[in-house]
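Every heavy atom of this structure was used, including side-chain atoms; hydrogens, water molecules and symmetry mates were not.
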Amino acid sequence: MSKEEILERLVTQEIIVAKQASFIRDDDRKHPFSIHWELKTILYAGISLLSSGLGILIYLNIDQISHQAIVAAISALTIACFAYCFRKHQPFSRYENTNPLLFVDFSLLLGCLTFITLEGYLQFQYKFFGDQYDIATIIPAILFAFLAYYFDHKGVLSMAITAFASYLGLKIAPLNLIQSGQFSSRNIAITAILFGLTLILLGILSEKKDFKKHFSFTYLTLGGNLAFGALLYQLFSADLKLLYFIFISGMSYGFIWYARKNLSYLFLLMGVIYGYIGFTYSLFYYVPTEIGLILTYFYFIASSLCVIIFLLKIKEILGVKKHESL
Amino acid sequence: MKAYNQQEVENIHHQQIIEDWHSRGLLSDEQLAKSINAFPVSFYRPNIFVKAGLFLFTALASICGAGFISIFFIEILDNASLRYWSILAWFYALLFGVFLEFFIKQRKLFHSGVDNALLYATLSCFLAGIFFIIQDLHFPLWLSLGFCLPFLFLTIIRYSELLTGFITYVCFWAIVCLLSVEFPLGKIILPFVIIILSGGVYLLIKKIQNLEQIQYYNNVLTLFETASLVLFYLGGNYLIVREGNALINNIFLNVSPQISFAPFFYLFTAFIPLVYIYLGLKKKDRTLLVTGLLAVVFSIITYRFYFSNIPKEIALTIAGSLMIILSVFLNNYLKKGKWGITAQATDSSKLSNFESLLVAQVFGQAPQQKGMEFGGGDFGGGGAGDKY
């Protein structure tokens, strides 16, 4: 059925009047073709190419260019980017900026990137922070967090979170989480759990207090994955298995409950999958190994079926009507 | 012949058009609700994350189910020839197939993760059965694939499922290429075979895409359309043709030999991306536009592969600057909209949440304690991973 036939059907069923149909027909013809996302992607890719190109260029010509010149150039670029943001930005608001200015967003991002380059360069060349690496990592974290809130930028917020994490010695960019060996010492896993829980708490708070409510997604995904990952690591390797099992179950329940409240299926999936892994591991840990192959298969078949039924009935369980979100 | 209710599959498509009108403010909320009711869909179509979870756990259940059953057969079949294994494989296929049909009929699933997983299980068990039978006969690969193709095709006809569609498409082209390189002449004309065939497929799809009877296959046709565009370009891309030519003739030199009709391929590599972009903008066809943009990137890589002596860092810097300038310029130029093109976002996308996670992945590598040293080409670069 073509658009034309759909319109005819809507008119004959008296949902719209003929005049509106011809208006829609007209608008369909004139409606502009948006290349917004394509341009945005080109800009992203351009920034990333330029910054790596410049990085290599400086590295290769480090003997010829005077260090002061390099520092001056990078600082100038950083300052220019931030200055542009401060000149052009819209007034601060605690709510989501529904009409962000593309170039403010990008010059903010570029400024943050060059700031990191500048800092790294100063440290490499002049031992600017001496042996105080802590200070060197906490400065961008604080700065980025401030900028993220001030200019309402989710991307910079996630950079701030990763900077805080690296201050604590963690790597939490989404793909790094999967890498093994990251929680190799007990202390760092505990740090990861606590940091993850803090992020989750921040996410919940920003929602409860209605202060930058839209940041909670970033907080909850990064914090949730970090905390779940570290908890599972502890469950597999530490002695207090029961404790960690209880923690994982609690968090799982929390995520499913949150998903139910906000109709957010990503968190539902996180709760279900991490919970399933934790439960299955604990079960096989406590049940003697003599149960044999048949019962093991049986467990996996039965448990998967339970999860499938749970997910199939999720709309009834969550009480979803029509509205959906991520 | 079709597993899912055809009328409802079409209604999904109509609902999308109606929702698009609503998002542009052409229909009121009340009219939207009524219009949606005029094209009812009773399928179970979960959100993408629920779908992922359903797929994962259905796959787990299927694998364990198959493992469970195999416990009883493993001793009987232990020393039997592979041919008898195909009976077991087909038994699995039958079992999964029955579940698949049952779920589609009873729970009205539509590409919901469960039916996708069961379809893959059915199909792979069935095809494995065929391979067990014919593997003694030592057929050439193209013939073995040829045995699979009709079954894959029938699966698309019935289920119109995306991954199966993709595999069918790959299988089809693998047969074409493998057959072609069997003959000396085929080796030479292979690029032209690819160009003409994929071009033909594309034009055919464009012709039948709006037919009413074909709406059921909308998703698979879109996939074929995109893949044909990509293949049409790659078929004539100088890098692919020259290196591919060396590969199928078993020539392993540092520099692959020049190919016949080289000027044609130079021109093809240079101009097809531009033609794609031009046509994409003119016809408001996003598939063409995006394929064209990616093709430009690959054409530049092709050029640099053979001719460029500009060092990498300068090329990166220049390319990055040009891209930023181009994007900024077009964004300002097209702000108000010109020639029916606008730089403004017309649909507020749910993807913006994921943009932040992407930034965390690509740019979010704040200096780390061990990484404070200024080293190597990865510094400050996008996608630098955890190396500095």
Side-chain angles (χ1 to χ4, degrees), chain A residues 1 3 6 10 13 15-16 24 27 32-36 39 42-43 45-46 48-57 102 113 116-117 119-121 123-124 133 136-137 140 154-155 158-159 162-163 166 173-176 217-218 265-266 269 272 297 300-301 304-305 307-308 311 314 324 326, chain B residues 10 14 17 21 26 31 34-35 38 47 49-50 52-54 57-58 60-61 64-65 67-68 71 114 212 284 293 313 316-317 319-321 323-324 327 330-331 337 340-346 350 353 355-357 359-361 363-364 366-369 372-374 377 379-382 386:
Chain A
M1 204 184 278
K3 284 189 176 180
I6 297 175
L10 292 184
Q13 297 203 352
I15 295 167
I16 57 174
I24 291 176
D27 194 84
F33 180 62
S34 168
I35 53 169
H36 178 81
L39 289 180
I42 294 176
L43 196 55
S48 132
L49 290 189
L50 181 67
S51 62
S52 23
L54 284 179
I56 306 172
L57 212 56
L102 184 61
L113 285 174
I116 293 178
T117 314
E119 211 196 10
Y121 193 83
Q123 174 65 10
F124 170 74
Y133 292 125
T137 48
K154 275 184 242 172
S158 53
M159 283 173 75
T162 42
S166 70
L175 290 183
N176 283 337
F217 178 86
T218 310
Y265 291 105
L266 174 62
L269 186 65
V272 167
Y297 274 134
F300 277 110
I301 295 169
S304 313
L305 287 180
V307 178
I308 291 168
L311 287 175
I314 201 72
E324 288 195 359
L326 284 169
Chain B
E10 285 169 25
H14 303 332
I17 293 174
W21 285 335
L26 298 169
Q31 284 174 331
K34 278 186 186 163
S35 314
N47 167 288
F49 297 110
V50 177
L54 282 172
F57 284 100
T58 310
L60 183 65
C64 291
F68 181 66
I71 294 176
V114 175
E212 199 166 321
K284 304 188 174 182
L293 288 173
E313 63 278 7
L316 280 177
T317 313
S321 316
M323 283 161 81
I324 295 174
S327 176
L330 282 180
N331 199 53
I341 303 166
T342 177
Q344 225 100 62
T346 46
K350 287 175 179 174
N353 270 331
E355 204 184 326
S356 76
L357 295 186
V359 169
Q361 180 59 39
F363 297 115
Q368 280 166 9
Q369 305 195 348
M372 286 308 285
E373 271 77 11
F374 192 72
F379 190 85
D386 54 353

When every non-hydrogen atom of A/Ala45 is compared with those of B/Met323, the smallest separation belongs to CB-CE, 3.4 Å

Between B/Phe49 and A/Tyr265 the two heavy atoms that sit nearest each other are CB-O, 3.6 Å

Sorted by chain and number, sequence neighbours left out, ring-ring contact (aromatic ring centres under 6.0 Å, His included) with A/Phe300 holds for A/Phe284

Nearest heavy-atom approach of B/Gly320 to A/Leu49 is CA-CB, 3.9 Å

Bottom line for B/Ile324: the part with an atom under 4.5 Å from chain A's heavy atoms is both

Okay, A/Leu50 and chain B: the region with an atom under 4.5 Å from a heavy atom over there is both

Residue set satisfying side-chain contact (heavy atoms from CB on, under 4.5 Å) with B/Ser327, at least two apart, ordered chain then number -> A/Leu39, A/Ile42, A/Leu43

### Query
Do the non-hydrogen side-chain atoms of B/Leu54 and A/Ile308 ever get within less than 4.5 Å of each other?
yes

When the 4.5 angstrom heavy-atom criterion is applied to B/Val114 and chain A, the contacting part is side chain

Taking every heavy atom of B/Gly53 against every heavy atom of A/Leu311, the minimum-distance pair comes out as C-CD1, 3.7 Å

